2 protein chains.
Amino acid sequence: MASPHRVLLSLLSITLFSFSISPVSSQHEHPLDPLTPVEFSLIRDAVKRSYGASGENVTFQYVGLDEPDKSLVHSWMSSQASKKPPPRRASVVVRLHGQTHELVVDLSSHQPSIVSKEVYHGHGFPMLTMEEQTAAIELPRTHDEFIQSIKNRGLDMSSVVCSTFSVGWYGELRSRRVVKVLAFYTNGTVNFYMRPIEGIVVVVDLELMKIVKYHDRFATTVPTAEDTEYRLEKQNPPFGPHLKGAAIVQPHGLGFDIKGHTISWANWKFHLGFDVRVGPIISLASIYDLEKDKYRQVLYRAYVSEVFVPYMDPTEEWYYKTYFDSGEFGFGLSAVSLQPRVDCPDNAVFMDGFYAGQDGTPVKITNVTCVFEKYAGNIMWRHTEVGIPDVTIREVRSDVSLVVRSVSTVGNYDYILDWEFKPSGAIKFEVGLTGILEVKAVNYTHASQIKEDEYGTMVGANTIATHHDHFLTYHLDLDVDGAPNSFVKTNLITKPVAEEGVPRKSYWTVSSKTARTESEAQLHLGLEPCDLIVVNPNKQTKVGNNVGYRLIPGPIASPILFRDDYPQIRAAFTNNNLWVTPYNKSEKWASGRYVDQSRGDDTLAVWTKRNRKIENEDIVLWYTLGFHHVPYQEDFPIMPTLSGGFELRPTNFFDRNPVLKTKSPEPVILSCKP
Amino acid sequence: MASPHRVLLSLLSITLFSFSISPVSSQHEHPLDPLTPVEFSLIRDAVKRSYGASGENVTFQYVGLDEPDKSLVHSWMSSQASKKPPPRRASVVVRLHGQTHELVVDLSSHQPSIVSKEVYHGHGFPMLTMEEQTAAIELPRTHDEFIQSIKNRGLDMSSVVCSTFSVGWYGELRSRRVVKVLAFYTNGTVNFYMRPIEGIVVVVDLELMKIVKYHDRFATTVPTAEDTEYRLEKQNPPFGPHLKGAAIVQPHGLGFDIKGHTISWANWKFHLGFDVRVGPIISLASIYDLEKDKYRQVLYRAYVSEVFVPYMDPTEEWYYKTYFDSGEFGFGLSAVSLQPRVDCPDNAVFMDGFYAGQDGTPVKITNVTCVFEKYAGNIMWRHTEVGIPDVTIREVRSDVSLVVRSVSTVGNYDYILDWEFKPSGAIKFEVGLTGILEVKAVNYTHASQIKEDEYGTMVGANTIATHHDHFLTYHLDLDVDGAPNSFVKTNLITKPVAEEGVPRKSYWTVSSKTARTESEAQLHLGLEPCDLIVVNPNKQTKVGNNVGYRLIPGPIASPILFRDDYPQIRAAFTNNNLWVTPYNKSEKWASGRYVDQSRGDDTLAVWTKRNRKIENEDIVLWYTLGFHHVPYQEDFPIMPTLSGGFELRPTNFFDRNPVLKTKSPEPVILSCKP
């Protein structure tokens with residue numbers, strides 16, 4: 001679901017919020033740095049210029065860094081950045097006269113130039129812009145039929161707000177670039193999502209920017225505004241529960257350092273980028289090996305590649321709601337300004353993000369990411385030893401980690417994305433689901449009245465919160481100690497005991513299998529116990545184990561729609577929990593390049609049909625983290641965060657515990673006055 | 001694996017550590033308070049007295065609170081503690097002349113009396129005491145064959161330490177109360193676990209306290225002490241990675257209050273007990289409902305009921321290693337003193353624990369639990385709203401939670417147990433695995449030399465870390481808004497779309513099934529998507545949903561030994577991830593009352609064969625959290641914490657989000673001097 005008014009916010013935020021510590025210098029220093037405002041402007045001018053008189057009609061649907069070849073980045077890195085960086089290019093998608101154009105803009109010369117320009121004739125459309133969604137939701141307001149529908153329901157037009165919904169693809173032979181526009185009611189609440197005006201479907205053609213279909217099938221009671229407000233200022237006493245405040249004080253300063261987009265902390269070093277489609281991007285994460293006295297590569301590039309959110313109400317007004325939050329709405333475009341002290345703790349540092357608006361000019365999202373050291377009171381490792389006579393040993397190391405956080409609010413839902421780096425070499429990926437549910441208005445006021453499936457939970461009078469899923473597909477380009485890696489599945493196999501004289505009957509042991517091709521790597525978790533390891537078959541530890549990193553899944557959920565159902569064809573990349581592909585610069589997004597009304601012909605599930613070799617190759621893992629969401633009343637009118645995640649953990653990567661020689665942070669003794 | 005020298009530590013700790021804030025008053029105030037030192041002494045005297053002259057030979061294997069009937073506790077609670085508390089009783093297990101005696105001691109009169117005394121004739125033996133393990137490991141030192149074995153290996157007896165191992169049950173018709181004693185080498189390291197002296201098996205009869213079997217089958221290289229030390233003082237530079245310190249400052253004081261053993265914080269109130277067998281016990285957790293203006297019950301009693309840790313080396317010297325860390329070694333007996341500032345953060349408050357030593361006298365474990373407010377930088381809920389023209393809304397509540405922590409170190413392994421209470425009503429249960437692996441010494445120095453299965457990972461020269469599992473079975477006596485509850489499994493079912501004119505083919509919906517009997521509730525996770533809910537069928541929300549709490553599993557692992565293998569027969573309570581039983585005061589421990597050499601005839605798996613009614617009854621959930629542990633080199637010589645857990649979350653328990661009217665904690669602005 002879209003956030004059509006974001007442009008307003010984004011423009012506003014430039015002037016309104018000024019407490020961001022912006023470590024981004026004006027010139028790019030690293031080949032993976034995101035495009036700068038200056039570059040966005042140069043690209044805009046170059047693209048418009050290239051279209052001559054038509055330039056005015058061009059709309060910018062996607063502008064992002066065209067990342068250099070990995071080899072060029074590594075060669076630049078190994079030169080200690082003394083070399084000239086590889087040519088800097090931007091990838092641009094514009095719409096003009098009803099067609100999608102793909103351009104590559106070279107930015108390395110003084111005068112940027114178009115180095116490639118093609119019209120895309122395949123299925124699917126590019127990301128929606130904020131501006132066209134904003135325009136679309138204005139249309140019903142002056143549309144006679146809509147005015148009549150609102151009047152018929154006895155509602156006040158000035159309290160009606162609309163929102164745009166991607167329409168999906170359901171076997172149509174021809175697709176026009178349309179969105180559906182649905183109406184909600186504010187009148188006494190800002191939580192309009194809880195007050196849907198059911199029965200009306202408005203279809204807007206984005207190219208014509210007009211309503212091309214209107215349908216008012218039925219009316220239901222609009223749920224009351226009561227109990228739906230979530231703003232503090234609108235709550236009445238009593239308040240509570242009450243939480244005491246605390247300050248995290250680091251009198252010796254922050255433990256991390258940000259130079260441009262490169263962040264160094266403890267034994268970690270990585271680059272933090274930002275893209276309008278996927279949001280934050282972690283690149284070139286490497287970890288310092290104390291024994292080898294050098295940084296060793298772990299992760300070349302990681303980001304959330306797609307977020308598939310199908311709703312489970314099959315009725316005419318709801319069935320199409322099967323969003324692709326990245327490919328349709330932009331997880332970066334939907335990223336929001338983080339509020340210091342509450343979205344991120346006191347000791348956080350914030351970075352801004354930029355993207356190209358529909359007309360190509362740069363838009364700033366202030367505080368789009370934050371970086372902070374997490375002092376959660378965890379224990380890094382410990383042991384109490386009482387097994388040696390007359391000696392008592394207690395060795396404990398307290399843990400600190402570094403978190404990179406962003407929040408993408410795609411209409412009603414807020415996704416909190418955390419990337420947590422640990423000194424032990426682990427990286428934890430966590431997503432927190434919060435924000436507001438999508439609900440359907442019904443005439444029922446009590447669950448006992450419901451005799452048929454209403455496809456959700458009654459969370460309030462006249463209010464059904466619809467069943468849905470969230471599948472986040474992570475792109476994890478691991479380069480474990482170098483690019484050539486293999487994916488090894490270590491199965492745990494139960495065996496009978498053969499040892500003579502031993503009365504035990506069974507044990508388990510491991511049976512490791514290296515996936516030679518893409519099909520051998522695909523897997524569905526939950527069926528059999530296994531460890532999932534990316535190894536570098538060319539590097540061994542001292543005692544001869546292949547160095548590696550393993551993926552430790554968290555809660556598992558897989559899609560349960562029919563495989564041949566349209567949304568699932570488009571989201572076939574979620575059919576496995578894990579896929580492995582050979583690195584291919586063009587395979588960035590699991591859902592394909594053009595996702596709005598895509599037909600599933602350009603997804604990870606299709607690419608992998610080639611069944612390419614992946615053994616001892618530069619490989620990419622695609623891991624899908626899923627949630628089936630049956631809503632409950634606690635999620636109303638705004639949902640307490642529900643979290644899930646997974647972990648990458650060094651696996652014979654180090655010769656021994658890499659934090660053995662880590663000291664607990666020095667105790668900080670303060671004399672403070674509140 | 002046992003910690004035989006714990007008594008030393010415990011006695012020492014009384015005098016050595018004095019920074020504990022002890023909120024425990026000397027008299028018991030609550031019927032669920034753990035036994036006090038005074039009570040332990042009274043019990044000791046009463047029991048010894050009851051045996052007359054034989055009293056001197058009695059050994060105390062278990063002494064704990066004989067908890068009053070739930071109805072009596074509730075009746076006392078509802079009287080606002082104005083009533084006299086229910087009769088206070090202790091449950092005592094002693095050994096005398098090779099027999100197990102069960103006693104109940106009444107403590108309510110001035111002179112404690114024995115109200116019941118029975119000899120137990122069934123299978124299995126009670127928990128091992130620290131003292132008898134300490135005695136057992138001294139025996140080899142003066143045993144000629146052992147002296148010779150050590151000499152033959154060219155080792156120095158003064159550097160040999162021994163440890164006790166429970167022997168399990170492998171079909172023997174008669175069992176004597178024995179342990180196996182294995183030898184390790186210190187000489188240059190305190191990490192003797194990394195230096196096993198393989199090939200020797202010593203069997204000690206604990207009743208005779210003598211070696212009854214000795215076997216020296218083969219010798220292997222003892223791995224070097226090099227690289228095995230984990231004490232900071234023994235590390236050489238360079239150190240690192242370096243972590244900066246931070247202070248968590250709460251200038252307005254702690255947010256929680258401890259009165260006796262009752263803890264109040266935010267909207268939570270609960271009782272924190274301690275038992276020598278299971279460790280910390282959470283009781284009577286209830287949450288304040290702002291709208292109803294009252295506390296509502298959630299959890300009557302929760303603790304880790306058993307911890308099953310089978311190792312996977314089937315050879316003669318290893319096969320029997322299938323520990324029951326609670327029933328054999330005591331998760332409370334193995335609980336350790338927590339180190340302020342590192343085991344728990346600066347803002348933690350500590351509580352002590354007590355248990356009866358072998359002779360019945362009280363032993364104190366200083367700082368056995370800590371309680372602290374966790375400021376992890378998380379977001380309780382949030383939303384940014386840009387969907388309303390000219391209005392921008394950003395409402396964020398930062399999260400704080402309350403953690404109760406303890407650590408049980410069962411020989412080599414350290415288990416960090418966290419119970420985290422959230423203002424949203426969720427309770428998170430987390431276990432962190434750290435400490436030291438069990439390894440086998442081999443002659444190999446490099447993985448390439450290994451041609452056969454060595455049942456583990458080579459983590460260093462001559463060192464194989466053995467495959468093993470950890471299964472923690474939690475006892476969760478939920479009383480959701482009262483005792484009569486039902487267990488409902490909400491299955492997610494895929495259905496074809498029947499709606500006319502809708503091109504979508506499928507969706508999922510829920511199909512809820514209430515388990516009527518124990519067998520209907522048993523389940524194996526991972527096969528099908530479902531929500532697992534405990535509801536109170538007699539209480540509804542305003543809109544008519546049954547109030548409930550659901551269990552959200554984390555990582556899932558199930559035993560994969562043969563079901564008819566001896567260890568798995570004893571641990572049959574792990575055969576399902578979830579069981580539900582009707583509340584029965586005597587069914588406290590999933591593994592049964594007498595676990596050492598148990599035969600599986602008194603486990604959860606057996607009790608539930610009666611297939612009792614559980615619908616609208618006072619029910620108990622038994623949830624098993626599992627880890628298959630394939631060790632890796634990072635776990636050597638001491639293991640970075642690996643965590644897993646699960647969550648209980650309100651599910652239509654509240655009429656709406658219970659933290660809607662919660663304010664983020666006030667920002668704390670300090671002027672501090674380090």
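Every chain is numbered from 1, with letters handed out A, B, ... down the list of sequences. Keep in mind it's a predicted model, so treat the numbers as computed, not measured.
Only the side chain of A:V407 comes within less than 4.5 Å of a heavy atom in chain B; its backbone stays farther off. With a 4.5 angstrom heavy-atom cutoff, A:Q250 touches chain B via backbone and side-chain atoms both. Both the backbone and the side chain of A:T509 come within contact range of chain B, judged by heavy atoms closer than 4.5 Å. Heavy-atom distances place both the backbone and the side chain of A:F653 under 4.5 Å from chain B. Using a 4.5 Å cut-off between heavy atoms, A:N347 makes no contact with chain B at all. Heavy atoms closer than 4.5 Å to chain A are found nowhere in B:I556, neither backbone nor side chain. For A:S558, no part sits under 4.5 Å from any heavy atom of chain B, backbone or side chain. Heavy-atom distances place no part of B:Q540 under 4.5 Å from chain A, backbone and side chain included. Neither the backbone nor the side chain of A:D399 has a heavy atom closer than 4.5 Å to any heavy atom of chain B. When heavy atoms are compared at a cutoff of 4.5 Å, A:K422 does not approach chain B at all. Both the backbone and the side chain of B:N652 come within less than 4.5 Å of a heavy atom of chain A. Residue contact with chain B, scored on non-hydrogen atoms closer than 4.5 Å, involves the side chain of A:I416 exclusively. For a residue to count as touching a neighbouring chain, one of its non-hydrogen atoms must lie under 4.5 Å from one of that chain's; by this rule A:E499 touches chain B with the side chain only. In this structure, chain B has heavy atoms under 4.5 Å from both the backbone and the side chain of A:T662. Interface residue A:D343: backbone and side-chain heavy atoms are both found under 4.5 Å from chain B. For A:A266, the parts lying near chain B are the backbone and the side chain together; criterion is any non-hydrogen pair under 4.5 Å. At a 4.5 Å heavy-atom cutoff, the contact between A:P496 and chain B is made by backbone and side-chain atoms alike.
With ring centers used as reference points, A:Y375 lies 6.0 Å or more from B:Y375. Checked against the 6.0 Å centroid threshold, B:Y455 and A:Y507 count as a close aromatic pair.
Residues B:H252 and A:K244 share a closest heavy-atom pair of O-NZ, 2.8 Å. For the pair A:I248 and A:P345, the tightest heavy-atom approach, listed with the atom from each and the gap, is CD1-CB, 4.4 Å. Across every non-hydrogen atom of A:G460 and B:V543, the tightest pair is C-CG1, 3.6 Å. The shortest non-hydrogen separation linking A:F654 to A:Y288 is CE2-O, 4.4 Å. Taking each heavy atom of B:P314 and B:Y319 in turn, the nearest pair found is O-CB, 3.7 Å. Shortest non-hydrogen contact noted between A:P238 and B:L290 is O-CD2, 3.4 Å.
Per-residue heavy-atom pair counts under 4.5 Å with chain A were compared for B:S448, B:G240, B:G435, and the maximum is reached by B:G240. Ranked by heavy-atom pairs under 4.5 Å with chain A, the list B:G544, B:S424, B:P503, B:P637 is led by B:P503. When the candidates A:I552, A:D227, A:T322 are compared by the number of heavy-atom contacts under 4.5 Å with chain B, A:D227 comes out ahead. Ranked by heavy-atom pairs under 4.5 Å with chain B, the list A:L492, A:V497, A:V403, A:V659 is led by A:L492. Contact count versus chain B (heavy atoms, under 4.5 Å) is highest, among A:V161, A:T651, A:D655, for A:T651. When B:S398, B:P555, B:G171, B:G245 are compared by the number of non-hydrogen pairs under 4.5 Å with chain A, B:G245 comes out ahead. By number of non-hydrogen pairs under 4.5 angstrom with chain B, the leading residue of A:T541, A:I560, A:T434, A:D564 is A:I560. When each of A:V400, A:V502, A:I638, A:N267 is checked for heavy-atom pairs under 4.5 Å with chain B, A:I638 comes out on top. Note: A:A447 leads A:P553, A:A447, A:P658 in heavy-atom pairs under 4.5 Å with chain B. Annotation: maximal heavy-atom pairing with chain A below 4.5 Å, among B:P665, B:P241, B:P529, B:P423, occurs at B:P241. Heavy-atom pairs under 4.5 Å with chain A peak, among B:A557, B:A376, B:G526, B:P640, at B:P640. Interface remark: of the candidates B:S664, B:G425, B:G377, B:G255, B:G377 forms the most heavy-atom pairs closer than 4.5 Å to chain A.
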Do A:D531 and B:Y632 pass the side-chain hydrogen bond (donor to acceptor under 3.5 Å, both in side chains) test, and can you show the C-alpha distance, the side-chain angles, and the key distance before you say yes or no? CA-CA 11 Å; A:D531 275 5; B:Y632 296 106; 2.7 Å; yes

I would like to know whether A:R649 and B:L642 meet side-chain contact (heavy atoms from CB on, under 4.5 Å); could you show each step before the answer? CA-CA 10 Å; A:R649 201 169 163 102; B:L642 179 72; 3.6 Å; yes

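With rounding to the nearest 0.5 Å, the separation of NZ in A:K661 from CZ in A:R397 is 12.0 Å. Rounding to the nearest 0.5 angstrom, the gap separating the CD atom in B:Q339 from the CD1 atom in A:I379 is 10.0 Å. Note that OG1 of A:T641 and CH2 of B:W381 are 10.0 Å apart. Values are rounded to the nearest 0.5 Å. The line from OH of B:Y230 to CZ of A:R382 is 10.0 Å long, rounded to the nearest 0.5 Å.
By the 6.0 Å contact criterion, CD on A:E666 is open, its count of non-hydrogen atoms from other residues, nucleotides or ligands being 12 or less.
Under the 30°/60° scheme for interplanar angles, the aromatic rings of A:W508 and B:H467 are found to lie parallel.
Two residues are said to be in side-chain contact when any heavy atoms from C-beta on lie closer than 4.5 Å; A:R504 and B:Y566 fail this criterion.
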